[in-house]
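Values below: all heavy atoms of this structure, side chains included; hydrogens, waters and symmetry mates excluded. Numbering of residues begins at 1 and proceeds along the displayed sequence. Remember, it's a predicted structure, so these values are computed and weren't measured experimentally.
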Amino acid sequence: MDTSALLWYKTPADDWNKALPLGNGRIGAMVFSQPLEERIQLNEDSVWSGGFRERNNKSALPNLEKVRKLLFEEKINEAEKIIYDAFCGTPVNQRHYMPLGDMNVIHYKESECDFKGRSLDLNTAVCTTEYAINGVDYTREVFISQPDQVLVMHITTSEKKAISVRVRIDGRDDYFDDNSPVHDNDILFYGGCGSEDGINFAAYIKVLHKGGKVYPYGSFITCEDCDEVTILLGAQTSYRCEDYKGQAVFDVERAEEKTYAQLKADHIADYKSYYDRANISLCDNSSGNSTLPTDERLALVKEGNPDNKLIEMYHNFGRYLLIAGSREKTLPTNLQGIWNKDMWPAWGCKFTININTEMNYWCAENCNLSELHMPLIDHIEKLRPNGRKTARNMYGCRGFVCHHNTDIWGDTAPQDLWIPGTQWPMGAAWLCLHIWEHYLYVQDREFLSEKYDTLKEAAEFFLDFLIEDKKGRLVTCPSVSPENTYLTASGSKGSICIGPSMDSQIIYELFTAVAEASKILETDGGFRKKVLEARDRLPAPEIGKYGQIMEWAEDYDEVEPGHRHISQLFALYPADIITMRKTTELAKAARATLERRLSHGGGHTGWSRAWIINHWARLFDGEKVYENVIALLSNSTSENMFDMHPPFQIDGNFGGTAGITEALLQSENGEIILLPALPKEWSEGSFKGLCARGGFVIDLEWKDSKITACHIHSRCGKKCRIVCDSVKVHTASSEVQTLYTDGAAEFDTETGKTYTLTF
C-alpha cells in the first residue's frame, strides 16, 4: 500500500464532505460508495445560473470625486453610504455555479450487504468500492477520462448473473429539467440554468452489459442478472456547444468503441503524464499509523500524533485536485474547484479574486503543472472587454479593471453589497501577475509577447486611477484592504479607504512586470518609463506602531486584529518585495504581523492557514511551517481531505500544497533556495520534479537535514543562482565554473542539460 497516495476508508460516505472527488477538468463527480444505493453527485464546469449581465453602475463616475473628497476629510461613513448605493453592481449579483445532478446506481433486489472498503488511488485517479451481497463479492471502479471526456463506472462480481441494478440521473432542484430513457439502455437528461440567454445542459448515460439483460423501467435503466456492467456518462452545455445534446451523445458513443480496459488504460496514462512529473517523500514518523484508514489517520493527527506520510498525501492530493479540476480549455477552478452540490452555494461558488482564485494556482508552476495554469490565464481575456467598460463607466479611466469577484462571463463590476469587500478594484491586476509568474517559470518569450498588451492594459488603468495622497504618494481611492475594517485615531471606523497597503504592493508588482516584459521584448520604452516613474511614487511597505507591516497607508488599528486576511503581507508572499535576504527589517516586521494576527485568533479558516504556511516558509521558519501544516490538518480538513473554510473551499488545499513546496524549494528575486524552511520533523526525505523560476527542474535528497544529492535540469539555458555557502557544479562530462557573490553561487546553463551540485 502506498500510504502517501491512497485515500481509503472502512465505511461508505454518509456526507458530501466524506465523498471522494473525481474530475477531468470539466466534468466533476463526488463518489459516496454507498453499496446498495450509490450516489454520484455530478458537476460540469460551465453549468452556471444564467447569461451575461451588464452590471456597471452609472452613478459611480459622477460620485467618484465626492467620495474621494469625503475620505480625505475623514468623513468615512458619508463616503461609505455613497459607495453602497452608487458603486455597487446593478443588479447586485453575478452568476453562480450550479450542480449538474446525481447519478444513482441501485441494487433493487437486495436490502443488506457487507461493506469492505472504498478508496481513491492518487496514482491512477480511480475510485474503487468493494462490498459483498449474500456471499458474492462486488467491485465498482469509477473514473473520469480526459481523453474520452466521459465518466466511467465499471461493476464486476465474483459470480456470473449476479448484477441487478437500476441506473438513473436526477437530483437538481429545478422543475424545468427533462429526464427519461431514450432507448433500452440510455437516458438523456437536460435542462436550463435561468434567463433567456442562459446556459443549457445535457447529460447522456449509456449502460453496457455482458450477460443478462438491460431494459427501461420508469425513469431507470434496469440491468438484470448481468455478469458485468459498464456505465458511460457524457455531459455538455450550450456554453461550449451549439448542439450540446448531440455532443454529449457523441462523447459516449465514441467512448463505447473502446473496451473498458482501453478506457481505463488511456485515462491512467493521460493522468500520470501530469501526476508523475513531481513528488515529495518525507520520512515516516507515524509509528505504523500510516497504514490505517485515512479518516483514522486524520483523527490521530488531531490528537497530536505525527504522520509525515499524511502530510505527503496532502501534497499529493493538492496536485491531484489541480489535475482533476483544471485542464487546458476548461474554466479555472472556482471556490470549490469543480465540485459543488448546491443550487445556491456559499458565496455563489464563483471566482473570488481577492485571494481565493489566485491561491488555487499557487502550486501550478512549482509543482510542474504549468499547463494547468492556463485556464486562469485564458480567463483574463474574458475580463478585458468587460473590464474596459467598467473602467470607463465607473472611473473614467483607460485600461481594464475587475473587482473582487468574477464569473463564467468575465463580469468585472462590483459584487455583493458588502462594504468591507465589494469596492476593491485590484482583481484584474492580481490575476495579471499570474501571466508574469507563468513566464518566469517557463521563459516563453512568445507567450509573453502575446500577453504583453494584457499586462499593459491592466497597468494603464492604474496610471489613470491613482491619485496623490497628502504625502504626495500615488494611491488607490476608493478601495479596501480586503474584508477588513480599520479604526482611526479619532475613533472613526470604516473599510473604504485611501491607499491600502496590498493595493500598492500589487500595483508595484504589476508595474514591475510590465516594465520587465517591455525590456525583454525590446518594445514600448515610453510606456516603460511611465510605469517606472509611477512605481517610484507608490507607498512602500512601512513598519507600524506594533512593529508590524502597516495594512493601510496610515497606521490605523484593525477593528479585528485576528482577521483571516493578511493582505499587507502580499509583499512577503506571493510577491517577493519582502525577503529574508534582501529586506531584513521588513522581514522582522512581517513576522511580527503574523504573530499579532495569530495571537488574536487568525488562521481560523483553511485558506488563511494555508497562506500563513507560505508566509512562514518565506521567513525560513520550518518549525512554524510544520506547526501550521498540522493546524491545517487538525482544524480545517475534512475526512475526504478537502479544505474547510468552513464550508468547503478548495483554495486551502492548493495553498497548503504550495506552502509545503515553498518549505522545500523557493526561487525569489532571481535566486534558488534549497530547503529554506525544513522542519526538524522532516529531517530525511527527497523530492523530484519541483520547479524554480528561470526554467529549472530540481531533484533533491537530504538526510539529517543536510542535502546529500541535488540535480538541476535546465529547460531554458538561463543563468542559475543558488543560495549557499559553497558548491561544486558539474555535468555528466565536466565541471562548471561558478561565480560566488553575496551568499550565492551563479553558473551558466545550457538548455536540456542537467547539473549535479555538491555542497
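Below 30°, between 30° and 60°, or above 60°: for Phe747 and Tyr755 the angle between ring planes is between 30° and 60°, a tilted geometry. Aromatic ring orientation, Tyr320 versus Tyr271: perpendicular (interplanar angle above 60°, classes split at 30° and 60°). Between His373 and His438, the two ring planes are perpendicular [angle over 60°; tilted spans 30° to 60°].
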Problem set entry | Audit row: His434, Trp362, ring pair (Phe, Tyr, Trp, His ring centres under 6.0 Å) steps and yes/no | CA-CA 9 Å; His434 284 254; Trp362 284 356; 8.3 Å; no

For this session: Walk me through it: do Ile566 and Leu594 pass the test side-chain contact (heavy atoms from CB on, under 4.5 Å)?
Result: CA-CA 8 Å; Ile566 315 178; Leu594 287 172; 4.0 Å; yes

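Taking the six-membered ring for Trp and the full ring otherwise, Tyr486 and Trp552 have centroids separated by under 6.0 Å. The aromatic ring centroids of Tyr626 and Trp616 lie 6.0 Å or more from each other. Between Trp339 and Phe648, the gap from one ring centroid to the other reaches at least 6.0 Å. In this structure, the ring of His645 has its center less than 6.0 angstrom from the ring center of Trp347. Between Phe570 and Trp430, the distance separating the two ring centers is shorter than 6.0 angstrom.
Side-chain polar atoms of Asp284 and Ser286 form a donor-acceptor pair below 3.5 angstrom.
You'll find the side chain of Arg564 reaches within 4.5 Å of the side chain of His604, heavy atoms only. At least one side-chain heavy atom of Ile722 sits under 4.5 Å from a side-chain heavy atom of Ile712. Put simply, the side chain of Ile280 reaches to within 4.5 Å of the side chain of Glu312, judged on heavy atoms. Between Glu516 and Trp436 there is a side-chain heavy-atom pair separated by less than 4.5 Å. Residues Ser608 and His565 fail the side-chain proximity criterion, which asks for heavy atoms closer than 4.5 Å.
In this structure, the separation between OG on Ser326 and CG on Leu376 is 8.0 Å, given to the nearest 0.5 Å.
Each salt bridge (Lys or Arg N to Asp or Glu O under 4.0 Å) pair with one or both residues in residues 695-717, not counting sequence neighbours, would appear here, but there are none.
No option in Arg591, Lys680, Lys588 other than Arg591 meets the salt bridge (charged side-chain N to carboxylate O under 4.0 Å, His left out) test with Asp621.
A salt bridge links Lys582 with Asp742: the closest approach of a Lys/Arg side-chain nitrogen to an acidic carboxylate oxygen falls below 4.0 angstrom. Electrostatic pairing of Glu558 and Arg597 counts as a salt bridge here, judged by a charged N lying under 4.0 Å from a carboxylate O. Arg327 and Glu371 are not joined by a salt bridge, as no carboxylate oxygen comes within less than 4.0 angstrom of a charged side-chain nitrogen.
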